[in-house]
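Note that ligands are numbered from 1 as they come in the structure, with each ligand's atoms numbered from 1 the same way. Nothing fancy with the numbering, it's 1 onward along the sequence. Owing to the predicted nature of the structure, the values given are computational and were not obtained by experimental measurement.
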Amino acid sequence: MLRFAANCLLLTSGEYLGLIESVRCESLELYKLTAHHLNKMLVSREISAVEICQSVFSRIKKVEEKVKSYITLIEERAFKEAKAVDKKIKNGEEISPLAGIPIAIKDVICTKGVLTTCGSKILSNFIPQYNATVIERLLRENIVMIGKTNMDEFAMGSSTENSSFFPTKNPWDLGRVPGGSSGGSAAAIAADEAIISLGSDTGGSIRQPAALCGVVGLKPTYGLVSRYGLVAFASSLDQIGPITKDVTDCALLLNYIVGYDPCDSTSLNYQPPNYLEALKDEIKGIKIGMLKELIGEGIEEGVKVNFKKSLSLLERLGAIIEETTLPHSDYALSAYYIIAPAEASSNLARYDGVRYGFRTSQKVEDMVEMYMKTRGEGFGDEVKRRIMLGTYALSAGYYEAYYGQAQKVRTLIVEDFKKAFEKYDVLVSPTSPTVAFKIGEKYDNPLAMYMSDICTIPVNLAGLPAISVPCGLSHGLPVGLQIIGPAFGEEIILRVAYAFEQAFGFKEKPTL
Ligand code: GLN
């Protein structure tokens with residue numbers, strides 16, 4: 001304290017006030033709070049948006065070197081946006097519940113004027129000319145964008161190790177992966193380096209990292225959230241969704257990203273409800289189907305134990321739980337690894353060194369050689385593997401045998417879910433078969449890596465909504481509970497998740 005006072009003597013009065021303010025912010029630890037909590041404090045003028053921003057950036061400065069959640073940070077712009085919110089408050093204007101809330105965005109979502117790499121060398125210099133629809137919507141609410149998060153290249157992976165730049169670490173154990181592909185967004189929330197974040201989910205990439213990092217992640221019904229400006233991986237499966245510290249923030253963020261968008265031809269013309277109104281901690285009489293195929297082989301013991309305890313808790317809350325089946329789920333992973341690479345091989349054809357991003361600097365003889373060298377250098381191994389798989393599956397002569405067959409399996413899985421939802425309000429399973437694994441453990445074994453999404457992939461194939469909520473620790477690492485709903489069943493899954501969260505009271509945090 002003495003040294004602090006002595007140092008203060010050397011400061012100008014402006015610097016002194018700034019220092020006092022930042023000391024106050026640090027002691028308030030605003031970075032630890034949720035968006036709904038911070039909004040109350042903002043509205044009551046207890047704190048300012050600039051103070052929230054200071055708190056989050058000082059946290060980033062403290063832990064980012066260890067966790068590495070971000071590819072890009074936009075501090076200057078964030079403070080400008082925060083100041084604008086404070087001005088609104090000062091002028092007595094009403095503010096949105098998301099105004100002044102620092103958000104981290106997965107680097108697969110286009111942000112005007114801000115580098116958007118998709119975790120790939122081939123887009124390492126790509127600065128979009130436009131915002132994705134979700135970004136436009138959030139900026140309208142005066143949200144404060146603070147940076148773009150690390151991810152597996154083009155969202156292909158389950159560990160964030162496929163990023164062209166660096167791996168992100170799990171805040172619970174820096175020797176382990178945060179999951180993927182939205183690992184940067186999930187780690188940022190777990191490490192309190194952002195208040196809320198956005199991820200994308202093609203086969204599990206929101207829910208699996210949320211589970212491995214002990215946070216909440218929701219994949220919405222296909223078509224509910226616009227994909228305009230989401231760099232395409234597998235267009236019939238991709239969805240953007242929230243990753244947050246609690247279920248209330250998840251519902252809050254969802255409220256502002258949903259809705260019809262004429263720029264996305266798969267966007268659904270559906271009038272969304274206010275998802276916050278779904279949060280009642282009352283689930284008496286709700287019928288829950290436990291998916292027996294998703295708790296069998298390959299599911300780690302510690303995951304099973306926490307899952308079973310979660311079911312007992314839901315039962316104590318008055319839910320009726322029965323075992324049920326998705327008879328074709330065993331084929332989901334195989335169908336996904338035909339359909340997703342097939343779509344990816346087509347979507348990624350656009351990266352040719354002409355229209356976007358990186359181009360080889362090697363000397364080339366002609367156009368074809370330029371394409372080949374650019375793509376050879378610009379894409380990583382996993383992306384090349386998927387392009388080859390997808391191109392093969394779509395080639396004449398094999399198309400019916402692979403792609404056609406996979407689409408038939410997809411229909412059977414859709415039917416399985418339909419049948420299950422005739423009887424149950426929601427379905428449950430663990431989110432991930434394992435807790436966070438060690439960095440490098442599955443990197444050289446793509447098949448082992450692909451198994452990480454065994455519980456999440458069927459949901460994407462059927463276009464359904466599902467949420468992952470923390471449901472305990474196994475050997476000190478978080479486990480996630482997956483709650484799946486019928487199409488447009490976001491309200492019911494949020495309601496069950498909220499009741500579970502309130503009753504369970506998961507309070508553990510990683511120590512960093
Ligand atoms: N891990 C899965 C894959 O690699 C899912 C990825 C995702 O949801 N984006 O394809």
Side-chain angles (χ1 to χ4, degrees), residues 105-109 118-120 149-163 167-168 177-186 197-213 217-220 222 225 227 230-243 298 332-345 347-348 379-390 393 406 410 431-434 436-437 441-443 445-468 480 482:
I105 307 289
K106 185 177 181 182
D107 215 16
V108 69
I109 299 174
C118 275
S120 181
T149 54
N150 196 24
M151 55 182 281
D152 287 300
E153 185 176 10
F154 285 103
M156 297 174 188
S158 304
S159 67
T160 318
E161 291 166 293
N162 291 339
S163 164
T168 295
V177 304
S181 62
S182 315
S185 288
S197 71
L198 283 183
S200 71
D201 193 313
T202 304
S205 280
I206 288 175
R207 292 159 286 159
Q208 183 258 13
L212 270 45
C213 289
L218 183 143
K219 180 239 164 235
Y222 184 80
V225 176
R227 288 183 300 111
L230 168 68
V231 178
F233 162 12
S235 314
S236 77
L237 300 157
D238 302 338
Q239 271 293 277
I240 296 173
I243 300 180
L333 207 67
S334 316
Y336 173 88
Y337 276 99
I338 296 291
I339 294 169
E343 293 183 18
S345 70
N347 276 326
L348 272 56
F379 288 136
D381 288 349
E382 183 61 26
V383 173
K384 287 183 196 158
R385 191 176 293 130
R386 306 261 181 133
I387 293 174
M388 285 193 275
L389 267 173
R410 185 174 188 174
T431 307
S432 158
T434 67
F437 43 91
E441 192 179 322
K442 300 189 182 176
Y443 187 71
N445 186 348
L447 286 184
M449 190 73 90
Y450 295 171
M451 295 299 282
S452 304
D453 291 306
I454 194 155
C455 302
T456 48
I457 276 177
V459 176
N460 298 72
L461 288 173
L464 303 177
I467 189 169
S468 178
Q482 175 173 239

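A donor-acceptor distance shorter than 3.5 angstrom exists from the side chain of Asp238 to the backbone of Phe233, with no hydrogens or angles considered. In this structure a side-chain-to-backbone donor-acceptor pair under 3.5 Å is present from Glu153 to Gly380. Between the side chain of Asn150 and the backbone N or O of Gly184, no donor-acceptor pair lies under 3.5 Å.
Each of Pro178, Ser185, Pro167, Ser181 was checked for a side-chain contact (heavy atoms from CB on, under 4.5 Å) with Thr160, and the lone residue meeting it is Pro178. Checking Leu212, Leu218, Ile206, Thr431 one by one against Ser468, the side-chain contact (heavy atoms from CB on, under 4.5 Å) holds for a single residue, Thr431.
Closest approach of Ala344 to Met156, counting heavy atoms only: CB-CE, 3.7 Å. The two residues Ser205 and Ala155 have their closest heavy-atom pair at OG-O, 4.2 Å. The minimum heavy-atom distance linking Tyr222 with Ser235 is given by the pair OH-O, 2.6 Å. In terms of heavy atoms, Phe379 sits closest to Ser120 at CD2-OG, 4.5 Å. The shortest heavy-atom contact between Gly119 and Met151 is N-CG, 3.9 Å.
Which parts of ligand 1 touch Met156 is read off a 4.0 Å heavy-atom cut-off, strictly below it: atoms 4 (O). In summary, the atoms of ligand 1 found under 4.0 Å from a heavy atom of Tyr336, numbered by their order in the structure, are 2 (C), 3 (C), 5 (C), 6 (C), 10 (O). Shown in contact with Tyr337 at under 4.0 Å from a heavy atom are these atoms of ligand 1, numbered in order with element: 2 (C), 3 (C), 4 (O), 10 (O). Near Ala155, the atoms of ligand 1 lying under 4.0 angstrom from a non-hydrogen atom of the residue are 6 (C), 7 (C), 9 (N).
Within the 4.0 Å heavy-atom criterion, neither part of Phe154 lies near ligand 1. For Tyr450, no heavy-atom contact with ligand 1 is shorter than 4.0 Å. Only side-chain heavy atoms of Ser181 come within less than 4.0 Å of ligand 1; its backbone N, CA, C and O stay farther off. Neither the backbone nor the side chain of Lys106 has any atom closer than 4.0 Å to an atom of ligand 1 (non-hydrogen atoms only). Contact annotation: for Thr202 versus ligand 1, heavy atoms closer than 4.0 Å belong to both the backbone and the side chain.
With a 4.5 Å cut-off on side-chain heavy atoms, Ser182 and Ile243 count as touching. Contact annotation: the side chain of Glu441 never approaches that of Thr434 to less than 4.5 Å [non-hydrogen atoms, C-beta and beyond].
Heavy-atom proximity to atom 9 (N) of ligand 1, evaluated over Pro209, Gly180, Gly199, Ser205, is greatest for Ser205. Comparing heavy-atom distances from atom 4 (O) of ligand 1 across Lys219, Met449, Arg386 singles out Arg386 as nearest. When Asp152, Asp453, Asn460 are ranked by how near their heavy atoms come to atom 2 (C) of ligand 1, first place goes to Asp453.
Taking distance alone, with nitrogen or oxygen atoms compared against 3.5 Å, Gly204 approaches ligand 1 more closely than that limit. Between Phe233 and ligand 1, no pair of N/O atoms sits closer than 3.5 Å. At least one N or O atom of Gly203, backbone or side chain, sits closer than 3.5 Å to an N or O atom of ligand 1. Close N/O approach between Ser200 and ligand 1 is not found [any backbone or side-chain N/O within under 3.5 Å]. Checked by distance only, ligand 1 and Ser158 come closer than 3.5 Å through their nitrogen or oxygen atoms.
Using a non-hydrogen distance threshold of 4.0 Å, Gly157 registers as a contact of ligand 1. Ligand 1 does not have Gln208 within reach: every non-hydrogen atom of the residue lies 4.0 Å or more from it.
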